[in-house]
Protein chains: 2
Amino acid sequence: MVNTDDAHSEGDAGQGTDGDRRTQLVDAAVDHVAAHGIADLSLRRLGAAIGVSHRMLIHYFGSKEQLLIEIVRTSERRQRDLLSRLRLEPGLSPADVARRLWQQLTDPRLAGQERLFFEVCGQALRGRPEAAPVLEGLVTDWLEPLVVAEVGAGADPAVARNRARLGLATVRGLLLDLLATGDRAGVDAAMEEFLRLFYGSK
Amino acid sequence: MVNTDDAHSEGDAGQGTDGDRRTQLVDAAVDHVAAHGIADLSLRRLGAAIGVSHRMLIHYFGSKEQLLIEIVRTSERRQRDLLSRLRLEPGLSPADVARRLWQQLTDPRLAGQERLFFEVCGQALRGRPEAAPVLEGLVTDWLEPLVVAEVGAGADPAVARNRARLGLATVRGLLLDLLATGDRAGVDAAMEEFLRLFYGSK
DNA sequence: TGGCCCATGTACCGATTGGTACACTCGCGA
DNA sequence: TCGCGAGTGTACCAATCGGTACATGGGCCA
C-alpha cells in the first residue's frame, strides 16, 4: 500500500548521495541521447546502455516524462555553457568573435549535441510537453547577449535586435545545412559571405 | 498459406481504382500528420482519424515504414510545388521576389506543413530511414533554382552558390524562429534587415 | 444467374512499452 | 549484535504496438 519510491523532491542543488547519483545518471543519459536520439528512447534500452535497470530510472526520476524533461534541460545547459565559456576575449573585432563562435559551434565533437538540439526542436514544435520549454528560450535566451554585443559594437539599438535575430537564425540555418550535408567547406563559405554582408568588411 | 495482401507494386503513376485509393489515403495521412505530428504516429490512430481500419493501411502500403516514406515524399512534393507555383512573375526585383516568397512561406495556413518539415528534419538527422532521403535534397534541391536566380540577377557565379546557400539557411532559421516564438513582426523585421544586407537596397 | 475476386472488418498474435510489487543486500546507528 | 532503511534486481502487469489469419460483402464478368 505505501509507496516507498516517491518524492525525490530535488532541490536544484543536488548534493548528497542521492543527488549525485541522479546527476550522474542524467549526464550519462544526455550522452546516450546525443548519440542515439531521443525520439524512440525507451527506459530499458537507456538503462542497458548506461548500466542500470529501467527500474532505477523510474526510481530516481519518477517517470519517463520527468527524465526526459531533465535530459532536455541538461542538454540546454550544456549548450549555453558553451557560449559563456567563449565570452572573455581581448580586443577582437565582432566579425572575428562571430567567426570564433561559429568554429566552436561546428566542432565535429558537438555534432551529436547539435543534432539533439534540432531533434528536440522538432518535438517541441509538436507540443511534446517535455520539449516544449525549449521553445521559450530558443530565441530570447540567445538574443539578449547578441543584442548587447551589437549595441556594444555601435549598432543602433533599434536595429540591433533585428540584426541579432537575423544572425541567430542564419547560424542555425547553416548549422542545419552542415548537419544535413556534411559539406563543411560549402557551409563555411556561405558563413564567410554572411559575415562580409553583416559586418561590411572587404 | 497464400498471401493475398502482397505486391501493390506501384508504378509511379497511380491511376486505376487502386492507385486512387492509395493517393487518397496518403493525402489524408499527410494532412493528419501535418496537424498532429509524425513522431508518435500509430497506424490505429491514423486509421481512426482518416476513417479506415489500420488493417487497410497495411493492406495498401505493406508496412508502416513504407507508409511513412510515402508521407514524407508527398509532404516534400507539396512543399516543392509551393515554390514552383510562384516562379512566373513579370519584372519584379530579386528582393521583391524573395519578399513574396517569404510571405507565402510564412502563411499561417502552412504552419502545420512547416512544423512537419522541421520534425522530419530532426528525425532524419537521427537516421530514421523513412526520413533520411530528406537530407539528400534538403539543400541541393533548393540550391539549384536559387543559384540560377542569383546568376540571372548578375551575381558572380563563384559567389552565387554561397549567396544562395546563405539565403536558404537564413530563411529556414527565421522560419524556425517564427514557428517557435510566433513573433511575426519581429521575424519579419529581421527578414527585412537581411534583404537590405543581401540586396543592398536602402 | 453463378462464381470469382477485390476490398474491408474483426479478431487475434507476439513483442515491447512504462510502471509496480516484492524480495534481497548492505552499511550504519543504537 | 541487531534492525532498519535506502538502493537495487527480478518478475510481473495492462496497454499498445505492427502485422496476420480468416470471414464477409459486394460488384464485375461469363
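Letters go in sequence order (proteins before strands), and every chain restarts at 1.
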Enquirer: Among Arg21(A), Arg78(A), Arg22(A), whose salt bridge (Lys or Arg N to Asp or Glu O under 4.0 Å) with Asp27(A) holds?
Expert: Arg78(A)

Enquirer: How long is the line joining NZ of Lys64(B) and P of dT16(C), in whole Å?
Expert: 15 Å

Enquirer: Please report, rounded to the nearest Å, how far the C1' atom of dC6(C) is from the CZ atom of Arg21(B).
Expert: 13 Å

Enquirer: Under a 4.0 Å threshold between the charged nitrogen and the carboxylate oxygen, would Glu193(A) count as salt-bridged to Arg196(A)?
Expert: yes

Enquirer: Could you tell me which non-hydrogen atom of Ala39(A) sits nearest to which non-hydrogen atom of Gln123(A), and how far apart they are?
Expert: CB-NE2, 3.4 Å

Enquirer: Can you tell me how far C1' of dG19(D) sits from CE of Met56(B), to the nearest Å?
Expert: 14 Å

Enquirer: With the threshold set at under 4.0 Å for non-hydrogen atoms, list the residues of residues 40-51 of chain A touching DNA chain C in residue-number order.
Expert: Leu41(A), Ser42(A), Leu43(A), Arg44(A), Arg45(A)

Enquirer: How many Å lie between CZ on Arg55(A) and P on dG7(D), as a whole number?
Expert: 11 Å

Enquirer: In terms of side-chain heavy atoms of His54(B), which of dG7(D), dT20(D), dA11(D) is nearest?
Expert: dT20(D)

Enquirer: Answer yes or no: is there an ion pair linking Arg99(B) with Glu192(B), defined by an N-O contact shorter than 4.0 Å?
Expert: yes

Enquirer: Measure from CD1 on Ile58(A) to P on dC13(D) and round the result to the nearest Å.
Expert: 18 Å

Enquirer: Report the distance from atom NE2 of His59(B) to atom P of dT10(C), rounded to the nearest whole Å.
Expert: 16 Å

Enquirer: Provide, to the nearest angstrom, the distance between the CG atom belonging to Leu57(B) and the P atom belonging to dG19(D).
Expert: 11 Å

Enquirer: Can you confirm whether more than 12 heavy atoms, excluding those of Arg126(A), are under 6.0 Å from its CZ atom?
Expert: yes

Enquirer: Would you mind reading off the distance between Gln66(B) atom CD and dG19(D) atom P, rounded to a whole angstrom?
Expert: 11 Å

Enquirer: Starting the side chain at C-beta, find the nucleotide from dT10(D), dG18(D), dT20(C) nearest to Ser53(A).
Expert: dT10(D)

Enquirer: Could you list the residues that satisfy side-chain hydrogen bond (donor to acceptor under 3.5 Å, both in side chains) with Arg184(A), not counting sequence neighbours?
Expert: Thr106(A), Asp188(A)

